Amino acid sequence: MVTACTGSGDSGAGSPASGSLSNAKHPDAGLVPGQSSLHWHNCTGADDVGLKCASLKVPVDYSKPGGRKLTLALSMHPATAPKSQQQGIMLVNPGGPGGSGLSLPGAIAPGLSPADAADYDIVGFDPRGVGSSSPELSCEPSFFKGISPDYIPSTKAAETTLVNRAKNYAAGCGKKFGWLLPHMTTKDSARDMDAIRQAFGVGKLSYFGLSYGTYLGEVYGTLFPSRVHRMVLDSTVDPDGVWWADNIDQDYAFQKRLEAFFSWVAANDSSYHLGTSASKVQAAFYKARNEVKAHPADGQVGSVRFDEAFLDAGYSNQTWPGLAQALASYVAGGDPAGLIAQWQQAATQEENENEFAVYNAVQCADVNWPRDWSQWDSATRQVYKKAPFQAWDNAWYNAACAFWPVKGPAKPTDINGKGLPPVLVLQGTLDAATPYDGARNAIKHLPTAHMVVEQGGGNHAEFPPDNDCSLGYLNRYLASGAAPGKAGAASASCPAGPDPSPGG
């Protein structure tokens, strides 16, 4: 369940980007046959004003560079500084896996200092299978339609129904995209990044990855360390836990974040009237969940969609006022409007079937998952005892991997950052999607990493950071490569941003 997360891309008339860090060609024999430049045109997406778009063909299988091709959709916020001070291209990725990156340059640029934004060609892309890239991976478009069975199975039969749902999804993906699924790994996307670098005609790239995008950066840095100019990892994946252990670690961390939300609501009881203690707010939360399980709110929000809405509380405390008010309105008078609105906001991501398909395709192929469902059942029931909020939800979100038609390697990629320049890591200590201990472990694989720790920060992959301290370190690093302190688990510390105010 690692995630953080528009536009359209196609080739057209225009001139290739400057790639000013290095104008020398650095071809890799056979990597991207027949394409060595990009042709840019104005993007047409509503969120992409001011961005340029292009497309790039890459091999489905990099061991057969002359074979079948995919098309990647690209976007760019062009550098505006004099060419002599530009620092080349900076690829950006919003996470997922499966998140669209086409609009991300338009969000990254204004969050940086004007000088840093001017120095880089900030390049977004839809990874293979995603959104505007072709083909768009979609296994069962109707998968999220209607009210799903409750994810907490009350009987063996109920669990079997959900297991069969996962089996059928996996089988459908294999039937429609069996030719592509073996080539949907993070390593494949890292090679796509290097194909983008080559198409720009530059020797090095910079990279800014959020959430799952940090793992993509770790893999790229392992495969191509000499081709990295700068690298920023925001909310970092533990590479040793890919992906079974990482998902279990998330369950415990999201439970703590939900409990922090309950405590905040209780502290603001004068606004929400759900109870003056976290336990009372929790009781109101589960009472409401049981009610929508039995009678979906306005026929739209059942228990699964209820959980999806409140999952956002674990990603960002800026969602807390809206979620608290929605819960309060429903508990006080049965008004479903707030719950529906909160679910609709969450559903743009949680119920995006393309993103779900790519998420499974990547995570199921990166490494082999347990294939005996009894192991999933036992592990999930164990987690549920202490972390009930996401234990079963997360299990079902990944369950197709138990039956996936492609088996990944027995162990995840061995991340080795030897040879990388200084890497900047931004990490909150209470992050639920990429827990702090996992990020600390990632640093052990990246000997040049400098971690800026947001003490008490629980917001996940939020850019720009919610404090000037972290943003200052980021801007200085992008400007000159200067990283704080010595490489290690905690090179610098920043305070967390404040909790929101009620009604915010």
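Keep in mind that this is a model prediction, so the values were computed, not measured.
Nearest heavy atoms, A365 versus P409: O-CD, 3.6 Å. The minimum heavy-atom distance linking S133 with L72 is given by the pair OG-CA, 3.4 Å. Closest heavy-atom contact between A432 and G314: CB-O, 4.0 Å. Annotation for P105 and P110: closest pair O-CD, 4.4 Å, computed over non-hydrogen atoms. Nearest heavy-atom pair across I147 and G299 is CD1-O, 3.9 Å.
Every pair passing salt bridge (charged side-chain N to carboxylate O under 4.0 Å, His left out) that includes a residue from residues 136-154 is listed here, sequence neighbours excluded: D150-R289, D150-K293. Sorted by first and then second residue, the salt bridge (charged side-chain N to carboxylate O under 4.0 Å, His left out) pairs involving residues 152-174 (not counting sequence neighbours) are E159-R381. Sorted by first then second residue, the disulfide (SG to SG under 2.5 Å) pairs that include residues 120-197, not counting sequence neighbours, are C139-C173.
With contacts defined as side-chain heavy-atom distances shorter than 4.5 Å, the pair R191/F224 qualifies. Using a 4.5 Å heavy-atom cutoff, the side chains of L446 and L233 are in contact. Looking at Q318 and D466, their side chains never come closer than 4.5 Å, going by heavy atoms from C-beta outward.
Distance alone, capped at 3.5 Å, places no donor-acceptor pair between the Q87 side chain and the Y120 backbone. Counting only distance, with no hydrogens or angles, the side chain of R128 and the backbone of V60 share a donor-acceptor pair below 3.5 Å. At least one donor-acceptor pair closer than 3.5 Å links the side chain of T161 to the backbone N or O of A157. At distances below 3.5 Å, not a single donor-acceptor pair connects side-chain atoms of Q390 with backbone N or O atoms of Q250. Under the 3.5 Å distance criterion, the side-chain polar atoms of H460 are left unmatched by any main-chain donor or acceptor of A433. The backbone N or O of G67 lies less than 3.5 Å from a partner atom in the side chain of K69, making a donor-acceptor pair. The closest donor-acceptor contact from the side chain of D298 to the backbone of Q300 lies at 3.5 Å or more, if one exists at all. Between the side chain of W343 and the main chain of F306, no donor-acceptor pair closer than 3.5 Å is present. Using modelled atom types, one side-chain atom of S206 and one backbone atom of R230 make a donor-acceptor pair closer than 3.5 Å. Between the side chain of Y207 and the main chain of G213, a donor-acceptor pair closer than 3.5 Å is present.
With N394 as the partner, the side-chain contact (heavy atoms from CB on, under 4.5 Å) test is satisfied by one option alone out of L311, N247, T380: N247.
W179 pairs by the ring pair (Phe, Tyr, Trp, His ring centres under 6.0 Å) definition with nothing, not counting sequence neighbours. With sequence neighbours left out, D188 forms a side chain to side chain donor-acceptor pair (under 3.5 Å) with T185. Partners of T155 according to the side chain to side chain donor-acceptor pair (under 3.5 Å) rule, which considers only residues two or more places apart in sequence or in another chain, do not exist here. Every residue meeting the side chain to side chain contact (heavy atoms under 4.5 Å, CB included) condition with F144, not counting sequence neighbours, appears here in chain and number order: E351, E353, F356. In this view, V130 and S100, D126, P127, N354, V358 satisfy the side chain to side chain contact (heavy atoms under 4.5 Å, CB included) rule, not counting sequence neighbours. In this structure A400 satisfies the side chain to side chain contact (heavy atoms under 4.5 Å, CB included) test together with Y169, A170, N360, W404, sequence neighbours excluded. For Y215, there are no side chain to side chain donor-acceptor pair (under 3.5 Å) partners, not counting sequence neighbours. Applying the side chain to side chain contact (heavy atoms under 4.5 Å, CB included) test to I443 and every residue at least two apart in sequence or in another chain returns V425, A449, M451. Under the rule for a side chain to side chain donor-acceptor pair (under 3.5 Å), the partners of T71 that lie at least two apart in sequence or sit in another chain are K57.
Under 3.5 Å, the side chains of Y384 and D251 contain no donor-acceptor pair of N or O atoms. There is no side-chain donor-acceptor pair under 3.5 Å between N93 and Y212.
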Inset, instruction - Give the C-alpha distance, both sets of side-chain angles, the deciding distance and a yes or no for ring-ring contact (aromatic ring centres under 6.0 Å, His included) between W244 and W376. - result: CA-CA 10 Å; W244 171 266; W376 291 68; 5.1 Å; yes
Inset, instruction - Any chance you could lay out the side chain to side chain contact (heavy atoms under 4.5 Å, CB included) test for E454 and D431, step after step, and finish with the verdict? - result: CA-CA 10 Å; E454 187 176 296; D431 185 348; over 6 Å; no
Inset, instruction - Step by step, work out the side chain to side chain contact (heavy atoms under 4.5 Å, CB included) result for F463 and V92. - result: CA-CA 12 Å; F463 178 84; V92 294; over 6 Å; no
Inset, instruction - Run the numbers on D366 and W243 for side chain to side chain donor-acceptor pair (under 3.5 Å), then give the verdict. - result: CA-CA 8 Å; D366 268 350; W243 288 109; 3.1 Å; yes
Inset, instruction - Go through the steps for D194 and R197 under the test salt bridge (charged side-chain N to carboxylate O under 4.0 Å, His left out), then give the verdict. - result: CA-CA 5 Å; D194 207 56; R197 174 200 62 80; 2.8 Å; yes
